[in-house]
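The analysis underlying the following values was restricted to heavy atoms, covering all of them including side chains, and did not include hydrogens, waters or symmetry mates. Residue numbers run from 1 in the order of the sequence given. Everything numeric in this text was worked out from a predicted model, so none of it was measured.
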Amino acid sequence: MPTESHLAVALLVLGAWIACALWVRSALLQSRDRVASAERLAAARGRCLSLAAQELRGPGLALMAQAADESPAPRRAGEETQLKAVAQQLLRLADDLADFATEPSPRSLHEAPALLGPVIDAAVAGVSAQLGAGRRHWQVEPDLRALRVRADSRALEGALAALLRRAARHSRDGDVVALRHVLGSETVAIVVEDEGDGLPAQDLVPESASPSQQSGLGAGNGSRGLDLGLTLARSLAAAHGGDIRLESAPGIGARAWLTLPRTRLLDAA
């Protein structure tokens, strides 16, 4: 009968619609749960970073006070400078951790024309103070020192210091760490080269690689280190529209590229 046939079709359509609606509702609930879980995880990580920043500020402030109380005798001048530099580095790291915890993206910048010479000197001084008895021969290209860029000088110093610390960690006492620049059609790069044994393969894993992909990558195939310093440095570079890339040749050394958009380059001083 036509009426019963139409009713059967309507019931089938209604059943299919209900099933589809239930599936969509289930998918939405699962997505909402995943988002809520990710938000909880992000909040927990943010709290951990904030606590770490607070823990770092204590020793940093204590060292700063100790440096201020040190005797101004000439024989202690070098020690005072190193102590103060380490204290300042701890406080900068604490600030970076706090920023990373509360403002992962986008990152707030205080941009102004910045001469790279003083930025590099500050980063080198901070890293040199952390080496203690060890030392590196820092060779800075004169043309690099004369470049001016529009950037947040403190953030740029922090990103550069992370690359210098990595170079120092993978090289030896007395090795040369060279800094130069490369101008491209769309970018300007600060290049840090060391004479170490090269970076471990796991330090060159691309940011987007899965765990299974990471196990098969070797030196030179990737661009991202896995430590906090490089993660923060990449965040600082990304906030300027740039990036950080690592290269390594086993037994020869490593090269780090901190690239910025060419549009940030101002006239040389």
Side-chain angles (χ1 to χ4, degrees), residues 85 89 111-131 134-200 203-204 219-225 227 229-230 232-269:
Q89 185 63 35
E111 297 185 8
L115 185 64
L116 287 185
V119 173
I120 293 171
D121 290 342
V124 167
V127 174
S128 296
Q130 294 176 337
L131 291 176
R135 64 190 180 95
R136 302 295 182 272
H137 295 295
W138 308 100
Q139 294 183 355
V140 184
E141 180 188 58
D143 289 344
L144 171 61
R145 298 181 59 86
L147 292 182
R148 289 193 309 126
V149 296
R150 183 163 187 83
D152 184 322
S153 58
R154 176 179 167 275
L156 196 58
E157 177 192 335
L160 184 57
L163 299 184
L164 296 182
R165 281 194 297 272
R166 176 173 286 272
R169 188 165 66 245
H170 291 284
S171 57
R172 297 164 294 273
D173 183 19
D175 279 356
V176 171
V177 177
L179 291 87
R180 60 186 179 87
H181 79 288
V182 174
L183 291 179
S185 59
E186 299 181 355
T187 62
V188 54
I190 301 174
V191 184
V192 179
E193 298 173 318
D194 66 69
E195 298 178 322
D197 295 327
L199 299 176
D203 277 357
L204 296 169
N221 291 335
S223 62
R224 181 178 185 265
D227 61 12
L230 189 56
L232 290 171
R234 286 178 61 88
S235 172
L236 294 169
H240 287 85
D243 195 11
I244 287 178
R245 178 166 55 90
L246 301 180
E247 300 173 349
S248 179
I252 297 177
R255 181 184 296 122
W257 297 71
L258 194 166
T259 60
L260 299 172
R262 180 70 181 259
T263 53
R264 288 191 171 274
L265 181 63
L266 306 176
D267 293 335

Is [X] reaching over with its side chain to a backbone N or O of [Y], donor-acceptor style, under 3.5 angstrom?
X	Y	answer
His170	Asp194	no
Ser153	Ala114	no
Arg264	Thr187	no
Arg255	Val192	no

Could you list the residues that satisfy side chain to side chain contact (heavy atoms under 4.5 Å, CB included) with [X], not counting sequence neighbours?
X	value
Pro118	Leu115
Ala237	Ile244
Arg165	Gln89, Val127, Gln130, Ala161, Ala162

Kindly indicate whether the side chain of [X], heavy atoms from C-beta on, has any atom under 4.5 Å from the side chain of [Y].
X	Y	value
Leu260	Leu156	yes
Pro113	Arg150	yes
Val140	Arg145	yes

### Query
What distance separates Ile120 CD1 from Ile190 CD1, expressed to the nearest 0.5 Å?
5.5 Å
### Task
For Leu179 and Leu160, run side chain to side chain contact (heavy atoms under 4.5 Å, CB included): C-alpha distance rounded to whole Å, both residues' side-chain angles, the deciding distance at 0.1 Å, then the answer.
CA-CA 10 Å; Leu179 291 87; Leu160 184 57; 4.2 Å; yes
Quick one: list whatever passes side chain to side chain donor-acceptor pair (under 3.5 Å) with [X], sequence neighbours left out.
X	value
His181	Glu141
Gln139	none
Asp143	none

### Summary
What one should report as the nearest heavy-atom pair of His240 and Ala155 is CE1-CB, 3.9 Å
### Message
Hydrogens and angles aside, do Arg135 and Ser128 bring a side-chain donor and acceptor to less than 3.5 Å of each other?
### Response
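The criterion, which ignores hydrogens and geometry beyond distance, is not satisfied for Ser128 and Arg135.
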#### Entry: Full working for side chain to side chain contact (heavy atoms under 4.5 Å, CB included) between Leu164 and Trp138
CA-CA 10 Å; Leu164 296 182; Trp138 308 100; 3.9 Å; yes
#### Entry: Partner set under salt bridge (charged side-chain N to carboxylate O under 4.0 Å, His left out) for Arg180, not counting sequence neighbours
Glu193
